[in-house]
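Worksheet: one structure, shown below.
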Amino acid sequence: MAEGGEEDLPRDAKIVKTLLKSMGVDDYEPRVVHQFLELWYRYVVDVLTDAQVYSEHAGKASIDSDDIKLAIQSKVNFSFSQPPPREVLLELARNRNKIPLPKSIAGSGVPLPPEQDTLINPNYQLAIAKKQTSQPEETEEDEESADPNPAPSKNPSLSHEKTDVPQGTPQRVSFPLGAKRPR
């Protein structure tokens, strides 16, 4: 609960503390009182603003109790909705329950949704830009000593051959979520 400095609190904060205590709430953070005060002030300002609009619409010079009652009633109707009557709900339930459930086509076990609808399906891509390798300029000696018909290397990391992917094109890599990493 908040500290004991009750005499330093404004009247509205004391009222909020009294309301909390009357509802059996003894342990709360001090900022709860401030949050309730903010909610309370915002609600009062909204109601009084609506009452002023209703008063101006009616051509009155000032706000009276009927304008405030109308503003509160419209706020209650807008903020809180009443559930439909029991008879209406029972009729809706009867109509819905007339439709039989679909037959299960899965065998034993828990039926799972299609793989494209599951969370383990890859759902993102990473764009990895290829590094541009800078090749040193060749000299005349390198050209003369080089084999005129070099055999292609079987190791792709050692091969300097061009691939079909342009240098500036990023590669797209997908990773499935929930996949287990090899150890």
Looking only at heavy atoms, which two atoms of [X] and [Y] are closest? And how far apart?
X	Y	value
S62	S55	O-OG, 2.9 Å
L89	P84	CD2-CG, 3.7 Å
L48	I68	CD2-CD1, 4.3 Å

*Mind checking the CG-CD1 spacing from L70 to I63? Nearest 0.5 Å is all I need.*
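Interatomic distance, L70 CG to I63 CD1, rounded to 0.5 Å: 12.0 Å.
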[X]: what forms a side-chain contact (heavy atoms from CB on, under 4.5 Å) with it, not counting sequence neighbours?
X	value
E91	R94, N95
R31	E29, Q35
P85	E87, V88

*asked:* I'd like to check the side chain to side chain donor-acceptor pair (under 3.5 Å) partners of K60; sequence neighbours left out, ordered by chain and number.
replied: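 Only D64, D67 meet the side chain to side chain donor-acceptor pair (under 3.5 Å) criterion with K60.
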*By side chain to side chain donor-acceptor pair (under 3.5 Å), which residues pair with S74, not counting sequence neighbours?*
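If we apply the side chain to side chain donor-acceptor pair (under 3.5 Å) test to S74, skipping adjacent residues, the hits are Y54.
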_Close side-chain approach of Y28 and K17, heavy atoms under 4.5 Å_ =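 Side-chain contact under 4.5 Å: yes.
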*Say whether L20 and I15 are linked into one hydrophobic cluster, either directly or through other cluster members, by side-chain heavy-atom distances under 4.5 angstrom.*
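Same hydrophobic cluster.
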*asked:* Assigning hydrophobic clusters by single linkage (Ile, Leu, Val, Met, Phe, Trp, Tyr; side-chain heavy-atom cutoff under 4.5 Å), is F36 placed with V25?
replied: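 Result: yes, single cluster for both.
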Side-chain donor-acceptor pairs of residues 38-47 under 3.5 Å, sequence neighbours excluded:
residue : atom : partner : partner atom : Å
E38     : OE2  : R42     : NH2          : 3.4
Y41     : OH   : D12     : OD2          : 2.8

*If only atom types and distance count, is the side chain of T18 paired as donor or acceptor with the main-chain N or O of K14 below 3.5 Å?*
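Yes, the answer is positive, given that a donor and an acceptor are paired below the 3.5 Å cut-off.
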